[in-house]
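First up is the structure itself, then whatever we jot down about it.
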2 protein chains.
Amino acid sequence: MTTPKGIATRRRIVEAAAAEIRERGTIVTTLDDVCRRSGTGKSQLFHYFPEGREQLLLAVTEFEAERVLDDQHPYLHELTSRTAWEAWRDVIVERCRNQGPHCPLGVLIADVGRYGPAARAVTTQLIRRWQDAVRDGIEATQAAGEADPSLDADRMAAAVVTTIQGGVSVLLSTGSADHLEVALNLCLDHLLVADVRHGQR
Amino acid sequence: MTTPKGIATRRRIVEAAAAEIRERGTIVTTLDDVCRRSGTGKSQLFHYFPEGREQLLLAVTEFEAERVLDDQHPYLHELTSRTAWEAWRDVIVERCRNQGPHCPLGVLIADVGRYGPAARAVTTQLIRRWQDAVRDGIEATQAAGEADPSLDADRMAAAVVTTIQGGVSVLLSTGSADHLEVALNLCLDHLLVADVRHGQR
DNA sequence: GCAAAAATGGACCCGCAAGTACAGTTCGAT
DNA sequence: ATCGAACTGTACTTGCGGGTCCATTTTTGC
């Protein structure tokens, strides 16, 4: 049905679209932009995405969701100590600060995820998967005795994910990642068992 | 320059646009939709908003921001006791749950606030004002001895606002307000001095 | 009452971007 | 080598939505 060449082309289209959307936003990204950037024509685009724009957007959503999870994977799988959590926080904050409004995650949730129910399903699943990974981390940390054992891990994970979402949301509105940092710190303070340092920052 | 009648018309236009946007989203709301709903024609619209769509969007942003703050005002100004905080939380959660994706706040931040720097400035200011109000509440609660006095009120307020944002953001993606509730609960747990009940919910 | 300004109705224009048609080319299996 | 399927290029159509024009009606200040 599809040759390697076809697969490669399709992939190029999705990547181009994802990049374009990340850099300039969903609304302003046109199919011609995508074609230009991927070095293809509309005929290819509609060949691989017969349903047109919406279908492409969905593919981009899935692509970016995978990217986000892959990106987080190495950190999420060693969340067992306070230092690991703080390192993770630093990565997130620093990445958001650098990428600003081009953060894939932000674009994904706040932008792409609202183009039809299919895309929403993908983002919902992304949140779920992410939350699961965080939950595992919390449980591991509790097992290691570094986190408050009385906390419900899944609820705490939900709160963490929500907090990140909020930080990104504020980032998109104000351009500053400070809220993200502050709110995440608060989460960690609440999660990790109190030790010497209990002031801010 | 403008007669009462004109003011009324302008107002109708803004309200119609706001409603349309709340219900169906910014991108899909067309000027003709607004005209139809407000019972006016394009000529009026461009009479009152010579700069066109963008100017209207800005007016809507300001309008909705004011609505949100007015809506919150009665609750925000008596945040002094644990019960008051919990009542406030309930109002927010319940309101979001009912309105679902039509929550003005959510649309405002995640949707409208991204159409041009002017609108973004308005949402930024909204966040700032809201955060200030929450901060006042936190300080009052601390003074009343019901909140952890070692917390930096402004930072805590930032975290609270961020959390709400996140909850709304997740709501828009998944349609569920559960994350909002869980995350807000966690915030309150962290803010209010520990008492008898320390489990979840 | 009456000019001037404000308000309104509705037809019109125009550009853009999504989507289509179709012809031509490359590939891959036999 | 060849035939059919997969792939690609280009030119086109079309609908929609932002924005304009102007003629007409209403309101306001005096």
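Note on naming: letters A, B, ... go to the chains in the order of the sequence lines (proteins, then strands), and numbering restarts at 1 for each one.
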Checklist outcome for this item: note: Arg36(A), atom CZ; dA17(C), atom P; distance rounded to Å ~ 9 Å

Next on the checklist: Checking Thr2(A) now: which residues fulfil side-chain contact (heavy atoms from CB on, under 4.5 Å) with it, not counting sequence neighbours?
Outcome noted: Ile7(A)

Checklist entry - Do the charged groups of Asp70(B) and Arg67(B) touch, with an N to O distance under 4.0 Å? => result no

Next on the checklist: dA18(C), OP1 or OP2 - any side-chain N/O from Thr30(A) closer than 4.0 Å?
Outcome noted: yes

Checklist entry - Hey, does Tyr48(A) reach any base, or is it just sugar-phosphate, or nothing, if we go heavy atoms under 4.0 Å? => result sugar-phosphate

Checklist outcome for this item: Rounded to whole Å, the CZ-P distance (Arg53(A) to dC16(C)) equals 16 Å

Next on the checklist: In this structure, how many angstroms lie between the C1' atom of dT20(C) and the CD atom of Gln44(A), rounded?
Outcome noted: 15 Å

Checklist entry - Phe49(B) CZ to dA7(C) C1': how many Å, rounded? => result 14 Å

Next on the checklist: Please confirm whether the shortest side-chain N or O distance from Thr9(B) to OP1 or OP2 of dT8(C) is below 4.0 Å.
Outcome noted: yes

Checklist entry - Taking only residues two or more places apart in sequence, or in another chain, which ones meet Tyr75(A) in a side-chain contact (heavy atoms from CB on, under 4.5 Å)? => result Trp88(A), Val91(A), Arg95(A)

Checklist outcome for this item: 5'-most to 3'-most nt of DNA chain D touching chain B (<4.0 Å, heavy-atom partner on protein side) reads dG17(D) to dT28(D)

Next on the checklist: Students often get this wrong, so: under 4.0 angstrom with heavy atoms, is Pro4(B) touching a base, only sugar-phosphate, or nothing?
Outcome noted: sugar-phosphate

Checklist entry - Which residue lies toward the 5' end of DNA chain D, Lys5(B) or Gly39(A), if each is placed at its nearest nucleotide? => result Gly39(A)

Checklist entry - Can a side chain N or O of Ser43(A) be found less than 4.0 Å away from OP1 or OP2 on dC22(C)? => result no

Next on the checklist: Without decimals, in angstroms, what is the distance between Ile27(A) CD1 and dA17(C) C1'?
Outcome noted: 15 Å

Next on the checklist: Under the criterion salt bridge (Lys or Arg N to Asp or Glu O under 4.0 Å), I'd like the reasoning laid out for Glu66(B) against Arg129(B): C-alpha separation, chi angles, the key distance, then a yes or no.
Outcome noted: CA-CA 11 Å; Glu66(B) 219 54 49; Arg129(B) 286 212 273 163; 3.2 Å; yes

Next on the checklist: Tell me the interatomic distance from Asp32(B), atom CG, to dA11(C), atom P, rounded to whole angstroms.
Outcome noted: 13 Å

Checklist entry - Roughly, in whole Å, what's the span from CZ in Arg10(B) to P in dT8(C)? => result 13 Å

Checklist entry - Quick one: Leu31(A) CG to dG19(C) P, roughly how many Å, whole number? => result 6 Å

Item to check | Residues in side-chain contact (heavy atoms from CB on, under 4.5 Å) contact with Phe46(B), at least two apart in sequence or another chain | outcome: Leu31(B), Lys42(B)

Checklist entry - Residues in side-chain contact (heavy atoms from CB on, under 4.5 Å) with Ala18(B), at least two apart? => result Arg22(B), Val60(B), Phe63(B), Glu64(B)

Checklist outcome for this item: So the salt bridge (charged side-chain N to carboxylate O under 4.0 Å, His left out) pairs with at least one residue in residues 134-143 of chain A (sequence neighbours excluded) are Asp132(A)-Arg135(A), Arg135(A)-Asp154(A)

Next on the checklist: Applying a 4.0 Å non-hydrogen cut-off, can you work out what Lys42(B) is touching in the nucleic acid: base, sugar-phosphate, or nothing?
Outcome noted: base

